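Take a look at the structure set out below.
As the structure is a prediction and not an experimental result, all values here were calculated from the model. Positions are given from 1 along the sequence.
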Amino acid sequence: MSEHKPYGLFEVAGIELEYMVVERDTLRASPTVDQLFKDVTGRITGDVERGDVDWSNELTAHVLELKTAKPTADIPGFRAKFAAEVRAINALLAKRGLMLLPTAAHPLFDPFTETVLWPHDHHEVYELYNRIFDCRGHGWSNLQSVHLNLPFANDEEFGKLHTAIRLLLPIIPALSASSPLLDGKPTGFLDARMEAYLHHQERLPQLMGS
């Protein structure tokens, strides 16, 4: 079996969207992603295959991820596909009085009392992270992201990709800021999620660089 030729710069992308599961009436976080997945597959699992879009668990039991099942060149086409999956999930969650909460961070969530780590497959990884970093923080358990994964085929493309990213990095947080509140009060930051993320690995600063 021949290996796949490396994807070139901007040839494809992988997209990941994270959402928190909350109670419809109170917006309190609900660590029941495993039950949602069981409703669909009939068993406790960390992944649900749904064709072009897969569902998967995250660090905490109240956050789930929607992702492209494989790299795609049709980013606009996934707008409708992701929206359809959000509607499908919300229809299932509604039976339990739950729903998905978008935005970058829950404005009322208390990470020190409400954090529940994913207890199933690969839980050892999450428990190790928790021992090292203490994941009861907004930068860990109250952080929903959108990931755009881009390929590069060689060192030259790697350099070009990083040059492009360096130009966009200051702009993206400004355009996507949606977390001015944490712990039920203003933080002083329009993007408090980013501020929390800057500090969540301070025990190993090498992971963040300068």
Side-chain angles (χ1 to χ4, degrees), residues 15-41 44-48 50 53-68 78 81-123 125-127 129-130 133-148 172-173 176-187 189-200:
I15 309 167
E16 305 170 25
L17 312 179
E18 296 172 0
Y19 290 89
M20 184 180 287
V21 176
V22 299
E23 297 174 358
R24 283 177 173 265
D25 293 338
T26 66
L27 297 186
R28 184 180 179 87
S30 178
T32 56
V33 171
D34 54 356
Q35 293 304 309
L36 168 67
F37 289 5
K38 185 178 181 180
D39 288 345
V40 176
T41 65
I44 297 293
T45 179
D47 295 285
V48 180
R50 298 268 298 179
V53 177
D54 290 345
W55 309 351
S56 64
N57 73 283
E58 271 295 324
L59 169 71
T60 54
H62 60 266
V63 174
L64 66 84
E65 178 182 86
L66 306 181
K67 60 187 179 183
T68 51
F78 273 84
K81 293 176 182 178
F82 278 123
E85 294 304 303
V86 168
R87 288 193 295 270
I89 291 171
N90 272 329
L92 290 166
L93 291 176
K95 299 175 183 178
R96 299 179 184 272
L98 306 172
M99 68 178 188
L100 294 180
L101 182 77
T103 197
H106 195 305
L108 307 175
F109 182 78
D110 182 352
F112 291 98
T113 62
E114 298 184 69
T115 295
V116 178
L117 298 181
W118 178 258
H120 307 294
D121 45 343
H122 308 303
H123 67 90
V125 176
Y126 306 131
E127 291 167 0
Y129 262 82
N130 191 41
F133 298 108
D134 186 357
C135 295
R136 298 172 304 158
H138 290 296
W140 286 103
S141 60
N142 186 21
L143 183 152
Q144 287 72 252
S145 301
V146 173
H147 298 261
L148 184 63
I172 293 174
S176 62
S178 59
S179 53
L181 304 176
L182 291 179
D183 301 312
K185 55 188 178 184
T187 62
F189 298 96
L190 295 178
D191 198 335
R193 171 202 168 279
M194 182 65 72
E195 174 64 17
Y197 197 69
L198 287 173
H199 300 287
H200 84 322

Looking at [X] and [Y], what are the two nearest heavy atoms and their distance?
{"X": "Ser141", "Y": "Met20", "value": "O-CE, 4.3 Å"}
{"X": "Leu108", "Y": "Gly184", "value": "CD2-CA, 3.7 Å"}
{"X": "Thr187", "Y": "Ala192", "value": "OG1-CB, 3.4 Å"}
{"X": "Pro111", "Y": "Asp183", "value": "CD-OD1, 4.2 Å"}
{"X": "Asp47", "Y": "Ser56", "value": "OD1-CB, 3.2 Å"}
{"X": "Gln144", "Y": "His106", "value": "NE2-N, 4.0 Å"}

So, do [X] and [Y] sit near enough that their side-chain heavy atoms are less than 4.5 Å apart?
{"X": "Leu66", "Y": "Trp55", "answer": "yes"}
{"X": "Ile44", "Y": "Gln35", "answer": "yes"}
{"X": "Val22", "Y": "Ser30", "answer": "no"}
{"X": "Val116", "Y": "Thr60", "answer": "no"}

Contacts of type side chain to side chain donor-acceptor pair (under 3.5 Å), residue [X], not counting sequence neighbours:
{"X": "Arg28", "answer": "none"}
{"X": "Asp39", "answer": "Arg96"}
{"X": "Glu127", "answer": "His123"}
{"X": "Tyr197", "answer": "none"}

For atom CG of Leu190, decide whether the heavy atoms of other residues, nucleotides or ligands shown that lie under 6.0 angstrom number more than 12.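 Result for CG/Leu190: open.
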State whether a side-chain donor-acceptor pair under 3.5 Å links Thr103 with Ser178. yes
Please check if any side-chain donor atom of Ser145 sits under 3.5 Å from a side-chain acceptor atom of Arg193, or the reverse. yes
How far does [atom1] of [X] sit from [atom2] of [Y], to the nearest 0.5 angstrom?
{"X": "Met99", "Y": "Leu93", "atom1": "CE", "atom2": "CG", "answer": "10.0 Å"}
{"X": "His122", "Y": "Leu59", "atom1": "NE2", "atom2": "CG", "answer": "13.5 Å"}
{"X": "Leu181", "Y": "Phe189", "atom1": "CG", "atom2": "CZ", "answer": "13.5 Å"}
{"X": "Asp34", "Y": "Thr45", "atom1": "CG", "atom2": "OG1", "answer": "10.5 Å"}
{"X": "Cys135", "Y": "Leu117", "atom1": "SG", "atom2": "CG", "answer": "6.0 Å"}
{"X": "Asn142", "Y": "Leu182", "atom1": "CG", "atom2": "CG", "answer": "6.0 Å"}

Can you list the residues that meet the ring-ring contact (aromatic ring centres under 6.0 Å, His included) rule with [X], with sequence neighbours excluded?
{"X": "Phe133", "answer": "Tyr129, Trp140"}
{"X": "His62", "answer": "Phe109"}
{"X": "His120", "answer": "Trp118"}
{"X": "Phe82", "answer": "Phe78"}

Could you tell me which residues satisfy salt bridge (charged side-chain N to carboxylate O under 4.0 Å, His left out) with [X], sequence neighbours excluded, listed by chain and number?
{"X": "Asp121", "result": "none"}
{"X": "Glu85", "result": "Arg50"}
{"X": "Asp134", "result": "Arg136"}

Under 3.5 Å, is there a donor-acceptor pair between the side chain of [X] and the main chain of [Y]?
{"X": "His147", "Y": "Lys67", "answer": "no"}
{"X": "Asp191", "Y": "Ser176", "answer": "no"}
{"X": "Thr68", "Y": "Ile15", "answer": "yes"}

Going by the salt bridge (Lys or Arg N to Asp or Glu O under 4.0 Å) test, which pairs reach into residues 55-65, not counting sequence neighbours?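 Salt bridge (Lys or Arg N to Asp or Glu O under 4.0 Å) check on residues 55-65 returns no pairs.
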Using the side chain to side chain contact (heavy atoms under 4.5 Å, CB included) rule, pick out the option among Leu36, Val48, Asn57 that qualifies with Leu64. Leu36
